[in-house]
Amino acid sequence: VQLQASGGGLVQAGGSLRLSCAASGFTFADHTIGWFRQAPGKEREEVSCISSSDGTTYYADPVKGRFTISSDNAKNTVYLQMNSLKPEDTAVYYCAAVQLGLCSQKVLVIYGMDYWGKGTQVTVSS
C-alpha cells in the first residue's frame, strides 16, 4: 500500500497550489481519501475528504470555500486544489485512506485512517 502526496511548495498569500495523492496497493473505489495537515508546534488537523465510491466530500471550516477536493478513480489519484492561500495554511499536508465508503468529519477524526502517506510541505508567505 502506498500513498504519495505531491505538489507542495512555496507560494505567496493569495496564491494557489494543487496537491495530488496517488494511491496504489488497495482498491481505491472502496476507500475514502482524506487530507490532513500539521503546522509546526500544532496538532494535526483534518482538512478535507472525498469518498471514492459516491463522491461525497467534506471540508473543515478553515478551508471551506477556498479548497476543492476531487478524485480521478481511473488514475487512483485525489487532488486538493487550494486557492486564496493564507499564511495560516502553512503546514505539512498528508493524505490518508480508510476502507469506508463514507466521508465526514467523524470518519476523519473519530473512525481513523488505515493508511498514511508521507507529507508534502506547503509554505505560504505573507
Side-chain angles (χ1 to χ4, degrees):
V1 172
Q2 189 171 13
L3 291 166
Q4 182 65 52
S6 62
L10 173 63
V11 64
Q12 287 189 332
S16 300
L17 284 173
R18 188 177 82 155
L19 305 184
S20 299
C21 176
S24 60
F26 61 89
T27 305
F28 189 76
D30 293 343
H31 287 68
T32 282
I33 307 297
W35 284 99
F36 297 77
R37 66 186 183 185
Q38 188 166 20
K42 294 188 177 181
E43 291 189 355
R44 186 178 64 203
E45 63 178 356
E46 72 282 6
V47 174
S48 180
C49 65
I50 185 167
S51 166
S52 298
S53 62
D54 66 7
T56 305
T57 59
Y58 159 81
Y59 298 95
D61 285 343
V63 307
K64 203 171 291 183
R66 300 187 298 120
F67 290 12
T68 303
I69 192 168
S70 62
S71 177
D72 185 338
N73 285 14
K75 295 183 178 180
N76 285 5
T77 301
V78 167
Y79 304 98
L80 186 68
Q81 178 66 43
M82 307 187 296
N83 298 329
S84 303
L85 283 162
K86 304 175 181 180
E88 51 263 44
D89 294 318
T90 295
V92 178
Y93 284 70
Y94 301 89
C95 62
V98 60
Q99 189 174 2
L100 201 62
L102 299 172
C103 161
S104 69
Q105 184 184 32
K106 272 189 180 179
V107 169
L108 297 181
V109 175
I110 298 175
Y111 193 88
M113 310 304 283
D114 295 326
Y115 313 116
W116 288 86
K118 294 182 181 179
T120 184
Q121 175 71 47
V122 171
T123 303
V124 184
S125 63
S126 57

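Model, not experiment: these values are computed from the prediction. Residue numbers start at 1 and run along the sequence shown.
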Is there a path from Val122 to Ile69 through hydrophobic residues (I, L, V, M, F, W, Y) whose side chains come within less than 4.5 Å of each other? yes

Under 4.5 Å between side-chain heavy atoms, counting indirect links through other Ile/Leu/Val/Met/Phe/Trp/Tyr residues: same cluster for Tyr79 and Leu3 or not? no

Closest approach of Thr32 and Cys49, non-hydrogen atoms and distance? CG2-CB, 4.0 Å

For the hydrophobic clusters of this structure (ILVMFWY residues joined by side-chain heavy atoms under 4.5 Å, transitively), does one cluster hold both Ile33 and Val92? no

Exercise: identify the closest heavy-atom pair between Ser52 and Asn73: O-ND2, 3.0 Å

Quick check for you: to the nearest 0.5 Å, what is the distance between Lys42 atom NZ and Thr90 atom OG1? 10.0 Å

Hey, could you give me each pair passing ring pair (Phe, Tyr, Trp, His ring centres under 6.0 Å) that has a residue in residues 36-74? Not counting sequence neighbours. Phe36-Trp116

For Trp35, does its backbone N or O pair with a side-chain atom of Ser48 as donor and acceptor, under 3.5 Å? no

Under the salt bridge (Lys or Arg N to Asp or Glu O under 4.0 Å) rule, what pairs show up with a residue in residues 50-63, not counting sequence neighbours? Asp61-Lys64

Which residues share a side chain to side chain donor-acceptor pair (under 3.5 Å) with Thr57, sequence neighbours left out: none

Transitively linked via ILVMFWY side-chain contacts under 4.5 Å: Val47 with Leu108? no

Residues 98-107 side chain polar contacts: donor-acceptor under 3.5 Å, at least two apart:
from   : atom 1 : to     : atom 2 : distance (Å)
Ser104 : OG     : Lys106 : N      : 3.3
Ser104 : OG     : Val107 : N      : 3.2
Gln105 : NE2    : Glu46  : OE2    : 3.1

side-chain contact (heavy atoms from CB on, under 4.5 Å) between Met82 and Asp89: does it pass, once the steps are laid out? CA-CA 9 Å; Met82 307 187 296; Asp89 294 318; over 6 Å; no

Within this structure, what is the NE2-OG distance for the pair His31 and Ser53, rounded to the nearest 0.5 Å? 11.0 Å

Which residues share a salt bridge (charged side-chain N to carboxylate O under 4.0 Å, His left out) with Glu45, sequence neighbours left out: Arg37

Linking I/L/V/M/F/W/Y whenever their side-chain heavy atoms sit closer than 4.5 Å, directly or via other members, would Tyr111 and Tyr94 fall into one cluster? yes

Distance-only polar pair, side chains of Thr123 and Gln121, donor-acceptor under 3.5 Å: yes

Side-chain donor-acceptor pairs under 3.5 Å in residues 8-30, sequence neighbours left out?
from  : atom 1 : to    : atom 2 : distance (Å)
Ser16 : OG     : Asn83 : OD1    : 2.9

